[in-house]
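Here the structure comes first, spelled out in structure tokens, and everything after it is commentary.
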2 protein chains.
Amino acid sequence: MQTNLAIVPPISGAPNFVGRLQVISTARDVSADALEAIGTVQSVRAGCGLYAEGDAAGYWYRVTSGVLRTCKLLPDGRRQIDDFLFPGDFFGLEARPDHSFAAEAVTGAAVVRYSRTRLDLLAADDVCVSARLLQLTLKQLGKAHERLLLLGRKTAGEKLASFLLEMLDRSPALDSIDLPMSRTDIADYLGLTIETVSRTFSSLKQNEVVALPNAQRVIILDRDALEELTGDE
Amino acid sequence: MQTNLAIVPPISGAPNFVGRLQVISTARDVSADALEAIGTVQSVRAGCGLYAEGDAAGYWYRVTSGVLRTCKLLPDGRRQIDDFLFPGDFFGLEARPDHSFAAEAVTGAAVVRYSRTRLDLLAADDVCVSARLLQLTLKQLGKAHERLLLLGRKTAGEKLASFLLEMLDRSPALDSIDLPMSRTDIADYLGLTIETVSRTFSSLKQNEVVALPNAQRVIILDRDALEELTGDE
DNA sequence: CGTTTAATTGACCAGTATCAACAGGAGTGG
DNA sequence: CCACTCCTGTTGATACTGGTCAATTAAACG
């Protein structure tokens with residue numbers, strides 16, 4: 001899917017770590033300026049890991065381009081994707097000293113990373129920074145709770161409908177989506193198998209709720225129907 | 001199960017709101033003191049709601065006694081319990097101006113509540129407070145992610161084993177649990193039905209992993225076996 | 001083009017849900 | 001004190017959603 005996939009192994013079990021660093025500074029206000037001053041750019045190839053579960057959580061990240069995923073694994077290989085991360089999203093800040101989940105690039109991606117210790121110093125100094133961190137974390141918590149309901153109580157059809165509307169929200173287009181992730185990723189995000197995801201897509205196509213010119217592209221034909229199908233009224 | 005259940009309707013759909021207020025102050029350090037100074041005690045009867053989904057999120061709460069639950073509902077009545085809250089736990093802080101989930105008492109309970117606006121003022125003033133808020137929120141986020149894996153990828157047996165070990169951690173005893181919540185609550189916490197929860201309990205009893213003198217009491221006979229059964233090694 | 005990988009589709013199966021009956025306590029009233 | 005009722009939990013029979021295994025198609029890459 002990506003031109004560089006052949007160079008580095010895109011296996012999620014043991015991802016490669018690739019990066020190149022460079023200082024940037026995109027000032028907006030005082031605290032944003034202070035924050036940007038400690039950030040360095042890092043790029044990750046498609047399929048590569050940024051960090052693994054259990055790695056030291058020394059940095060906090062913001063996506064500048066591309067898409068990443070955070071995920072957890074059970075010892076027997078079952079996987080749960082916690083979140084897909086799009087440009088503008090933050091991730092990697094955790095309560096414990098090491099990461100409780102892995103972060104991997106879905107497509108080629110670039111992130112800005114901030115040293116956790118310097119971030120803590122900044123937060124200790126500037127109330128605006130700490131308030132912003134809290135706000136962002138609370139937003140993530142709210143999203144996680146929404147997903148608990150999805151995973152615990154929704155049917156396959158409701159899960160996929162919710163997913164498509166979520167992706168549509170993040171899509172530049174109003175009525176179409178270009179899915180950057182594979183069916184396997186979607187399945188592991190929704191707590192389903194790839195076959196069920198595929199079948200549910202086919203059913204949406206059959207019922208003319210969406211059109212599927214190819215596996216990546218989704219054209220929303222009937223947004224109202226899709227919203228009905230989410231289960232949350 | 002509770003003596004006052006007959007007095008107030010314990011229906012989760014439309015919970016009653018009962019409370020009584022009183023200023024307290026349990027100082028430890030400067031910021032804890034400042035925090036406690038703005039807290040008021042409120043008590044909630046078993047089965048009653050503290051707030052509903054959609055209510056203004058004007059307060060932040062800490063449990064002092066009893067057990068509560070936070071939950072979300074789908075329009076057709078399906079319910080997902082986000083968390084059970086025990087003494088010492090905090091809840092109710094959210095990104096948006098109103099609550100995205102309801103909070104209800106499982107048993108008779110007492111909470112301390114802090115005005116959100118006064119909390120924000122305190123956090124803006126005292127870096128210790130904001131750091132503590134962030135730390136607590138990050139811890140909650142970590143727990144939510146753990147639960148995503150449970151709901152998305154674990155089997156009924158693994159879910160119940162994980163649940164029992166979680167409850168054991170919070171239990172005063174080392175090898176027994178007194179479950180404060182009903183089978184329905186456990187089912188809605190684990191994304192199962194009450195029948196499956198009951199059957200899985202019976203199977204654990206059959207295999208002599210636990211003993212069940214009555215529906216509330218669980219005696220752990222084989223902790224190692226229970227840990228094996230969680231799926232996360 | 002041939003090769004490889006991802007996605008779809010089909011047949012069948014299993015885990016969990018659903019529906020229903022039954023058992024065990026707790027509270028109520030005679 | 002003993003039925004009687006109500007409520008919660010357990011157990012059984014059966015159904016169905018979604019999983020598993022396998023074959024096929026489609027797309028990507030050299």
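We use all heavy atoms of the structure for the numbers below, so side chains are in, but hydrogens, waters and symmetry mates are not. Chain naming here is simple, since letters A, B, ... match the order of the sequence lines and numbering starts at 1 in each.
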Go through the structure and list residues passing salt bridge (charged side-chain N to carboxylate O under 4.0 Å, His left out) with [X], not counting sequence neighbours.
| X | answer |
| --- | --- |
| R116(B) | D120(B) |
| D178(B) | R217(B) |
| K154(A) | D232(A) |
| E227(A) | R223(A) |

Requested in this report: Using heavy atoms to find the nearest nucleotide of DNA chain D for T184(B) and A215(A) separately, return the residue whose nucleotide is more 5′.
Outcome: T184(B)
Query raised in the report: If each of N214(B) and T155(A) is mapped to the nucleotide of DNA chain D with the nearest heavy atom, which maps nearer the 5' terminus, i.e. the 5' end?
Result: N214(B)
**Report entry** Residues within residues 203-213 of chain A bordering DNA chain D, heavy-atom distance below 4.0 Å
**Finding:** none
**Report entry** Residue-level proximity of residues 159-166 of chain B to DNA chain D when a heavy atom falls under 4.0 Å
**Finding:** none
Report task. Not counting sequence neighbours, list each pair that qualifies as a salt bridge (Lys or Arg N to Asp or Glu O under 4.0 Å) and has a residue in residues 85-95 of chain B. Result -> D89(B)-R170(B)
Considering only distance and modelled atom types, tabulate donor-acceptor pairs under 3.5 Å from the side chains of residues 184-197 of chain A, sequence neighbours left out.
from    : atom 1 : to      : atom 2 : distance (Å)
D185(A) : OD1    : R69(A)  : NH1    : 3.3
D185(A) : OD1    : R79(A)  : NH2    : 2.6
D185(A) : OD2    : R69(A)  : NH1    : 2.9
D188(A) : OD1    : R153(B) : NH2    : 2.7
D188(A) : OD2    : R79(A)  : NE     : 2.6
D188(A) : OD2    : R79(A)  : NH2    : 3.0
Y189(A) : OH     : E166(A) : OE1    : 3.1
Y189(A) : OH     : E166(A) : OE2    : 2.9
T193(A) : OG1    : T196(A) : N      : 3.3
T193(A) : OG1    : T196(A) : OG1    : 3.1

Query raised in the report: What side chain to side chain donor-acceptor pair (under 3.5 Å) pairs are there with at least one residue in residues 201-215 of chain A, not counting sequence neighbours?
Result: none
Query raised in the report: For the helix from dC1(C)-dG30(D) to dG30(C)-dC1(D), how many degrees between its two end axes (five pairs per end), to the nearest 10°?
Result: 30°
Report task. Please report, rounded to the nearest Å, how far the C1' atom of dA17(C) is from the CD1 atom of I194(B). Result -> 13 Å
Requested in this report: Find the distance E195(A):CD to dC12(C):C1' and express it as a whole number of Å.
Outcome: 13 Å
Report task. Check every atom of dT9(C), dT10(D), dG19(D) against the side chain of S198(A) and return the nucleotide holding the closest atom. Result -> dT9(C)
Query raised in the report: Base, sugar-phosphate, or nothing: which does G191(B) touch, judged by heavy atoms less than 4.0 Å apart?
Result: sugar-phosphate
Report summary line: Sorted by chain and number, sequence neighbours left out, ring pair (Phe, Tyr, Trp, His ring centres under 6.0 Å) with F91(A) holds for Y61(A)
**Report entry** Those residues that, when tested against Y114(A), pass ring pair (Phe, Tyr, Trp, His ring centres under 6.0 Å) (two or more places apart)
**Finding:** W60(A)
Query - Pair of N/O donor and acceptor under 3.5 Å linking dT20(D) base with R199(A) side chain - result: yes
Report task. Taking T230(A) for its side chain and A161(A) for its backbone only, find out whether a donor-acceptor pair lies under 3.5 Å. Result -> no
